[in-house]
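The figures that follow rest on heavy atoms only: side chains count, while hydrogens, waters and symmetry mates do not.
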Amino acid sequence: MTVTVTAEHVYQEPVEVVAATHLTKFPNEHDPNILSCNVVERKPQEDGRAYTKRVAAVRNVLPDLLRQVKSLQQDELMVEEECWWDWKTRKFDVKSRNLSASDWITLSENSSYTPYTHNTNWTKFEQEGTITVHGLGTLGYFIEMFSKRFLSAGAQRSIAITEKLMAEKAKRITSCWYSEFLFA
């Protein structure tokens with residue numbers, strides 16, 4: 001069985017700001033489950049898009065009861081994220097998948113950030129995530145249900161963190177600008 005989770009949000013910031021925030025937001029003090037995030041590849045694509053691949057270490061949040069399979073007994077799980085920025089169309093696409101425990105669980109997320117149709121200085125965010133557990137019977141069903149709730153809450157938490165980081169950055173820029181202006 002495959003479980004699907006979707007999320008949508010409109011950020012009141014341009015796509016460029018949201019994409020830059022996404023690419024620099026982990027790790028941070030707002031999400032203790034992201035332990036590290038490293039860029040492993042960055043290059044321009046032949047079609048003009050900029051490509052970035054990152055690998056993140058995330059805390060394994062599965063309850064002990066659901067960690068009966070050896071590959072799920074790890075404290076950290078690895079996740080790969082690929083990002084494409086098309087500056088011509090102002091579209092930012094993100095695809096994520098788990099690298100750890102992939103013999104039993106397949107998690108994938110596809111996200112898209114595009115200019116919002118009603119205000120092109122805002123950003124429309126759309127995400128679809130899927131979770132499939134292979135060959136674990138009833139245990140697999142419980143893992144899927146846990147993962148669905150966790151990923152739904154995680155998507156909303158990620159949106160809130162992105163909003164918070166953009167607000168913090170705007171406050172720092174404004175504060176710096178005002179201090180430079182006042183003391184010039």
Can we say [X] and [Y] salt-bridge, meaning some charged N sits less than 4.0 Å from an Asp/Glu carboxylate O?
X: Asp86; Y: Lys88; value: no
X: Asp31; Y: Arg157; value: yes
X: Glu81; Y: Arg54; value: yes

Give, for atom [atom1] of [X] and atom [atom2] of [Y], the distance between the pair rounded to the nearest 0.5 Å.
X: Tyr116; Y: Gln12; atom1: OH; atom2: CD; result: 9.5 Å
X: Glu41; Y: Glu80; atom1: CD; atom2: CD; result: 9.0 Å
X: His30; Y: Ile161; atom1: NE2; atom2: CD1; result: 7.0 Å
X: Ser100; Y: Asn60; atom1: OG; atom2: CG; result: 9.0 Å
X: Ser112; Y: Lys124; atom1: OG; atom2: NZ; result: 9.0 Å
X: Leu107; Y: Leu77; atom1: CG; atom2: CG; result: 9.0 Å

Q: Apply side chain to side chain contact (heavy atoms under 4.5 Å, CB included) to Leu23 and Cys83, showing your working.
A: CA-CA 9 Å; Leu23 287 169; Cys83 305; 3.8 Å; yes
Can you name the closest pair of heavy atoms from [X] and [Y] and give their distance?
X: Pro115; Y: Thr120; value: CB-O, 3.9 Å
X: Met145; Y: Val3; value: CE-CG2, 3.7 Å
X: Ser102; Y: Thr106; value: O-OG1, 4.3 Å
X: Ala7; Y: Ala155; value: CB-CB, 3.9 Å
X: Val58; Y: Leu35; value: C-CD1, 4.2 Å
X: Ile105; Y: Asn98; value: O-ND2, 2.8 Å

Would you say [X] and [Y] make side-chain contact, with heavy atoms under 4.5 Å?
X: Lys95; Y: Trp84; value: yes
X: Trp85; Y: Thr52; value: no
X: Thr123; Y: Val10; value: no
X: Arg59; Y: Asp75; value: no
X: Leu99; Y: Val79; value: no
X: Val94; Y: His22; value: yes
X: Glu144; Y: Lys148; value: no

Q.
Evaluate Gln156 against His9 for side chain to side chain donor-acceptor pair (under 3.5 Å), listing each step before the verdict.
A. CA-CA 9 Å; Gln156 295 309 311; His9 183 70; 5.9 Å; no
Is the number of heavy atoms from other residues, nucleotides or ligands within 6.0 Å of [atom1] ([X]) greater than 12?
X: Glu29; atom1: CD; value: yes
X: Tyr141; atom1: OH; value: no
X: Asp103; atom1: CG; value: yes

Q. Are side-chain N/O atoms of Lys25 and Ser158 paired as donor and acceptor at under 3.5 Å?
A.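 On atom types as modelled, these side chains qualify, holding a pair under 3.5 Å.
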Q: Measure up the Phe125 and Tyr113 rings against each other and bin them: parallel (under 30°), tilted (30 to 60°), perpendicular (over 60°).
A: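 Phe125 vs Tyr113 ring planes: tilted.
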If Ile, Leu, Val, Met, Phe, Trp and Tyr residues are connected whenever their side-chain heavy atoms lie under 4.5 Å apart, and connections chain through other members, are [X] and [Y] in the same group?
X: Val18; Y: Trp122; value: no
X: Ile159; Y: Val17; value: yes
X: Tyr51; Y: Val15; value: no

Q: Start with the C-alpha gap between Glu16 and Arg90, add the side-chain angles, then the distance that decides, and say whether side chain to side chain contact (heavy atoms under 4.5 Å, CB included) holds.
A: CA-CA 7 Å; Glu16 295 79 2; Arg90 299 180 64 215; 2.8 Å; yes
Q: Sequence neighbours left out, what passes ring-ring contact (aromatic ring centres under 6.0 Å, His included) with Phe26? Give chain and number order.
A: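 With neighbours one apart ignored, the set is empty.
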Q) Does Thr24 reach the main-chain N or O of Ala20 with its side chain, forming a donor-acceptor pair under 3.5 Å? A)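 Yes: the side chain of Thr24 pairs with the backbone of Ala20.
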Q.
Using only atom types and a distance under 3.5 Å, with no angle test, would you say the side chain of Arg97 pairs donor to acceptor with the backbone of Glu82?
A.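 Checking the backbone N and O of Glu82 against the side chain of Arg97, no donor-acceptor pair under 3.5 Å is found.
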Q: Step by step, work out the side chain to side chain donor-acceptor pair (under 3.5 Å) result for Thr2 and Thr130.
A: CA-CA 7 Å; Thr2 297; Thr130 60; over 6 Å; no
Q: Apply side chain to side chain contact (heavy atoms under 4.5 Å, CB included) to the pair Ser36 and Ile34, showing each step before the final yes or no.
A: CA-CA 6 Å; Ser36 67; Ile34 310 294; over 6 Å; no
